[in-house]
Amino acid sequence: MEKIKLAKASRLTSPNPVTVVCTEKPDGSTNLATVSWWTYLSFNPNMIAFAMAKTSYSGERVRETGKVIVTVPGAEIADAVMGCGSMTGRNTDKVGKFGIELASVEGSKIQIPAHSRVAIQCHMKEYHETGDHYLYICDVEQVYGNEAEEALFAWNGYSQLRPAK
Ligand SMILES: Cc1cc2nc3c(=O)[nH]c(=O)nc-3n(C[C@H](O)[C@H](O)[C@H](O)COP(=O)(O)O)c2cc1C
């Protein structure tokens with residue numbers, strides 16, 4: 001073994017998971033951001049966590065509203081998901097720009113990409129400063145799944161999105 005940087009380790013662990021973090025903007029529309037750094041935390045009670053850069057608009061919206069839906073995107077929207085990870089939604093409607101079809105979620109103002117394999121509806125329990133990111137720890141309210149959608153993963157670090165098979 002040789003000493004390497006942590007960023008290089010993330011290439012060695014590819015394919016890495018990919019989610020789309022869905023939040024509500026002040027005008028009621030949905031913002032979408034691509035997030036690889038997420039994990040299950042607990043099945044009893046159901047909890048998950050994800051890390052987002054301190055500067056991210058999505059993080060700001062989660063801290064403001066306390067609500068978030070974390071989705072695993074389907075293979076059909078790979079290009080759009082890469083787009084959602086390349087610009088902030090602070091002044092841009094990413095849903096319109098990348099032509100992403102949305103679906104409603106019962107009891108939530110936040111919408112999700114119609115092509116999602118999994119959607120985990122949460123409220124934020126707490127968040128912690130972790131270096132240049134905040135770690136958002138979330139209680140899960142509801143979980144949805146669709147086996148017909150093929151999950152996307154990030155390859156070569158985070159530079160390409162495609163299924164694992
Ligand atoms: C494949 C991929 C994975 C990403 N994973 C993360 C992540 O885990 N955490 C993070 O803060 N940003 C991640 N990003 C970058 C954000 O999606 C990007 O900063 C985005 O502009 C944030 O949008 P927002 O400001 O609308 O929240 C990733 C980008 C890509 C393309």
Side-chain angles (χ1 to χ4, degrees), residues 5-41 47-100 102 108-113 115-138 140 149-165:
K5 293 197 182 332
L6 190 58
K8 181 165 181 191
S10 74
R11 285 200 293 280
L12 298 187
T13 58
S14 296
N16 292 312
V18 175
T19 67
V20 172
V21 164
C22 313
T23 53
E24 188 189 351
K25 289 185 166 192
D27 66 0
S29 66
T30 293
N31 188 48
L32 305 175
T34 310
V35 167
S36 281
W37 294 2
W38 86 284
T39 184
Y40 299 102
L41 288 181
M47 296 177 74
I48 66 164
F50 60 92
M52 287 205 81
K54 285 177 175 172
T55 52
S56 78
Y57 184 53
S58 301
E60 195 177 305
R61 297 311 302 153
V62 176
R63 296 194 300 279
E64 171 78 22
T65 66
K67 294 179 190 305
V68 61
I69 303 179
V70 177
T71 65
V72 173
E76 281 188 48
I77 56 169
D79 292 345
V81 174
M82 191 54 99
C84 289
S86 66
M87 64 170 56
T88 179
R90 198 175 295 277
N91 302 306
T92 303
D93 168 22
K94 291 193 244 185
V95 172
K97 185 171 180 63
F98 298 113
I100 301 169
L102 294 181
S108 175
K109 290 185 193 158
I110 303 170
Q111 294 185 292
I112 62 169
H115 289 290
S116 296
R117 182 171 169 89
V118 169
I120 307 173
Q121 187 179 356
C122 305
H123 63 265
M124 187 190 72
K125 183 167 189 275
E126 57 201 67
Y127 70 96
H128 298 276
E129 186 176 1
T130 49
D132 52 8
H133 283 54
Y134 289 125
L135 178 69
Y136 297 92
I137 296 175
C138 300
V140 174
E149 297 283 348
E150 198 175 3
L152 278 176
F153 288 83
W155 292 81
N156 302 321
Y158 305 103
S159 62
Q160 282 179 303
L161 299 182
R162 50 189 165 86
K165 290 180 212 158

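Keep in mind that the numbers below use all heavy atoms, side chains included, and drop hydrogens, waters and symmetry copies. Whatever order the structure lists ligands and atoms in, that order sets their numbers, starting from 1.
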Test side-chain contact (heavy atoms from CB on, under 4.5 Å) on Ile69 and Ser108; report intermediate values, then the result. CA-CA 9 Å; Ile69 303 179; Ser108 175; 3.6 Å; yes
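Residue-level contacts of ligand 1 at the 4.0 Å heavy-atom threshold are Asn31, Ala33, Thr34, Val35, Ser36, Trp37, Ala51, Met52, Ala53, Ser56, Tyr57, Ser58, Met82, Cys84, Gly85, Met87, Thr88, Gly89, Lys94, His133, Tyr158, Leu161.
When each of Val35, Val72, Leu161, Thr71 is checked for a side chain to side chain contact (heavy atoms under 4.5 Å, CB included) with Val18, only Leu161 meets the rule.
The salt bridge (charged side-chain N to carboxylate O under 4.0 Å, His left out) test applied to Lys97 returns no partner, not counting sequence neighbours.
For residues 49-72, every residue pair satisfying the salt bridge (charged side-chain N to carboxylate O under 4.0 Å, His left out) rule, not counting sequence neighbours, is listed here: Lys54-Glu129, Glu60-Arg90. Applying the salt bridge (charged side-chain N to carboxylate O under 4.0 Å, His left out) rule to pairs touching residues 13-29 yields nothing, sequence neighbours excluded.
Between Phe50 and Tyr136, the two ring planes are parallel [angle under 30°; tilted spans 30° to 60°].
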